[in-house]
J.: 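Pasting in a structure now, in structure tokens, and then I'll have a few things to ask.
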Amino acid sequence: MRILIFGATGAIGILLIRCALKALESCELVLYVRSIEKVPDDLKSNPSVIVVEGQLTDYDALAKAMNGVETVLSALGPSVKKGPFHPSNTPLANAYLTIIDIMHQQAIKRLICLGTTSITDPADKFNLAFSILVNGVALGARNAYKDVVAIGQNVRTHGADLDWTIVRVPLLTSQETEETLAGYVGDGRTSTWLSRAGFAAFVVDEIKKKNWVQKAPLLCTV
């Protein structure tokens, strides 16, 4: 199986790479990155890893990197530190339009991507803690909020024919636990915390199980 990973040099992306290499036999990972220097040396030298340097706005480079890919994983998201200064032109959501266009052209069906609860779901119910979190982001990092919301809209509409899964995350931690629970906001089971390791493990497991196709679960640590 050939898998392409976006956002591969971030904290979640690195964990996602390592988890996929460990859990998936005979997989080949294509990492599409802006800076190859940010990829750990042991991953760059791994024979199952191909690193492609390019920008999300470079259509030709994206198309070349996605050639022969069966599944696209994305850990793309606005930087928490740069949130208030995020560009106003929804660059990540626009990148998803391009990625999905190429997926259509190359008959790639499976997309699993990172989201947040700024992306709402019909199965969600009111929850005070999540309401405070989302409204805080909407007020304090408006452009980042708009980009994330637009990502959800673009995946659901432009990618309506794809086997997509938007894995919505709450506040992220560096805990090593991989035990997670998937549900929806306000369902009485989910919480406001998730380990990055748990996200990585869930995504890799979802490649195989396909339990959440065309759904947007909220993932949290058990």
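These figures come from a predicted structure and were not determined experimentally.
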J.: Taking all non-hydrogen atoms of both residues into account, name the closest pair between Ser48 and Cys27 and its distance.
T.: CB-O, 3.6 Å

J.: Run through Thr71, Leu29, Ile3 and flag the one making a side chain to side chain contact (heavy atoms under 4.5 Å, CB included) with Leu24.
T.: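 Testing each of Thr71, Leu29, Ile3 against Leu24, the sole residue satisfying side chain to side chain contact (heavy atoms under 4.5 Å, CB included) is Ile3.
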
J.: With Ala216, which residues qualify under side-chain contact (heavy atoms from CB on, under 4.5 Å), at least two apart?
T.: Asp121, Arg156, Ile166, Arg168

J.: Taking a hydrophobic cluster as the set of Ile, Leu, Val, Met, Phe, Trp and Tyr residues connected by side-chain heavy atoms closer than 4.5 Å, whether directly or through intermediates, do Ile112 and Phe202 fall within one such cluster?
T.: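 Yes, because Ile112 and Phe202 connect within a single hydrophobic cluster, where side-chain heavy atoms sit under 4.5 Å apart.
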
J.: Given side chains that start at C-beta, do those of Tyr96 and Ser74 come closer than 4.5 Å, heavy atoms only?
T.: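 Counting from C-beta outward, Tyr96 and Ser74 do come under 4.5 Å.
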
J.: Please find the pair of heavy atoms, one from Ala150 and one from Ala93, that lie closest to each other, and give the distance.
T.: CB-CB, 3.4 Å

J.: Looking at residues at least two apart in the chain, or sitting in another chain, which of them share a side-chain contact (heavy atoms from CB on, under 4.5 Å) with Val52?
T.: Val30, Tyr32, Ile50, Ala65

J.: Who are the side chain to side chain donor-acceptor pair (under 3.5 Å) partners of Asn135, not counting sequence neighbours?
T.: Ser131

J.: With heavy-atom distances below 4.5 Å as the criterion, would you say the side chains of Leu114 and Ile151 are in contact?
T.: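 Result no, sub-4.5 Å side-chain heavy-atom pair not found.
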
J.: Suppose the criterion is side-chain hydrogen bond (donor to acceptor under 3.5 Å, both in side chains): which pairs have a residue in residues 211-222, not counting sequence neighbours?
T.: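 Every pair satisfying side-chain hydrogen bond (donor to acceptor under 3.5 Å, both in side chains) with a residue in residues 211-222: there are none.
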
J.: Scan residues 49-68 for pairs that pass side-chain hydrogen bond (donor to acceptor under 3.5 Å, both in side chains), counting only residues two or more places apart or in two chains.
T.: Tyr59-Gln105

J.: State, to 0.1 Å, how close Leu172 and Val169 come at their nearest heavy-atom pair, and which atoms those are.
T.: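 Scanning both residues completely, I find the closest heavy atoms to be CD2-CB, 4.0 Å.
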
J.: Could you check if a side-chain atom of Ile5 sits within less than 4.5 angstrom of a side-chain atom of Val72, using non-hydrogen atoms only?
T.: no

J.: Do Leu194 and Leu16 belong together in a cluster built from hydrophobic side chains that touch within less than 4.5 Å?
T.: yes

J.: Under the rule for side chain to side chain donor-acceptor pair (under 3.5 Å), what residues qualify as partners of Glu176, not counting sequence neighbours?
T.: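 Per chain and number, Glu176 pairs via side chain to side chain donor-acceptor pair (under 3.5 Å) with no residue.
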
J.: Residues two or more places apart in sequence or in another chain: which of them pass side-chain contact (heavy atoms from CB on, under 4.5 Å) with Pro91?
T.: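 With sequence neighbours excluded, Pro91 shows a side-chain contact (heavy atoms from CB on, under 4.5 Å) to His86, Pro87, Asn89, Asp147, given in chain and number order.
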
J.: Has the side chain of Asn154 got a donor or acceptor atom that lies under 3.5 Å from a matching backbone atom of Leu97?
T.: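 No, because the side chain of Asn154 does not come within donor-acceptor range (under 3.5 Å) of the backbone of Leu97.
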
J.: What are the two closest heavy atoms between Gly159 and Trp164, and how far apart are they?
T.: O-CD1, 3.2 Å

J.: Tell me every residue that passes side chain to side chain donor-acceptor pair (under 3.5 Å) with Arg110, counting only those two or more places apart in sequence or in another chain.
T.: Thr165, Glu206

J.: Mind checking side-chain contact (heavy atoms from CB on, under 4.5 Å) for Ala11 and listing every partner two or more places apart, or none if nothing turns up?
T.: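 Only Arg196 meet the side-chain contact (heavy atoms from CB on, under 4.5 Å) criterion with Ala11.
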
J.: Report the residues that fulfil side chain to side chain donor-acceptor pair (under 3.5 Å) with Arg2, sequence neighbours left out, ordered by chain and then residue number.
T.: Glu28

J.: Identify the heavy atoms of Ala182 and Pro217 that sit nearest to each other, and give their distance.
T.: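 Reported closest heavy-atom pair: CB-CB, 4.1 Å.
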
J.: Give me the atom names and distance for the closest heavy-atom approach of Pro170 to Leu218.
T.: CD-CD1, 4.0 Å

J.: Rest of the hydrophobic cluster containing Leu139 (Ile/Leu/Val/Met/Phe/Trp/Tyr, side-chain heavy atoms under 4.5 Å)?
T.: none

J.: Do other residues, nucleotides or ligands put more than 12 heavy atoms under 6.0 Å from the NZ atom of Lys208?
T.: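 Atom NZ in Lys208 is packed in, count exceeds 12.
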
J.: Taking Ser195 for its side chain and Thr177 for its backbone only, find out whether a donor-acceptor pair lies under 3.5 Å.
T.: yes

J.: Other than Val134, what residues sit in its cluster of Ile, Leu, Val, Met, Phe, Trp and Tyr side chains whose heavy atoms are under 4.5 Å apart, directly or through others?
T.: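 Answer for Val134: Val137, Tyr145, Val149.
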
J.: Can you tell me if CZ on Arg189 sees more than 12 non-hydrogen neighbours from other groups inside 6.0 Å?
T.: yes

J.: Applying side-chain hydrogen bond (donor to acceptor under 3.5 Å, both in side chains) to Asp187 and Thr190, what does each step give before you reach the verdict?
T.: CA-CA 7 Å; Asp187 65 5; Thr190 54; 3.3 Å; yes

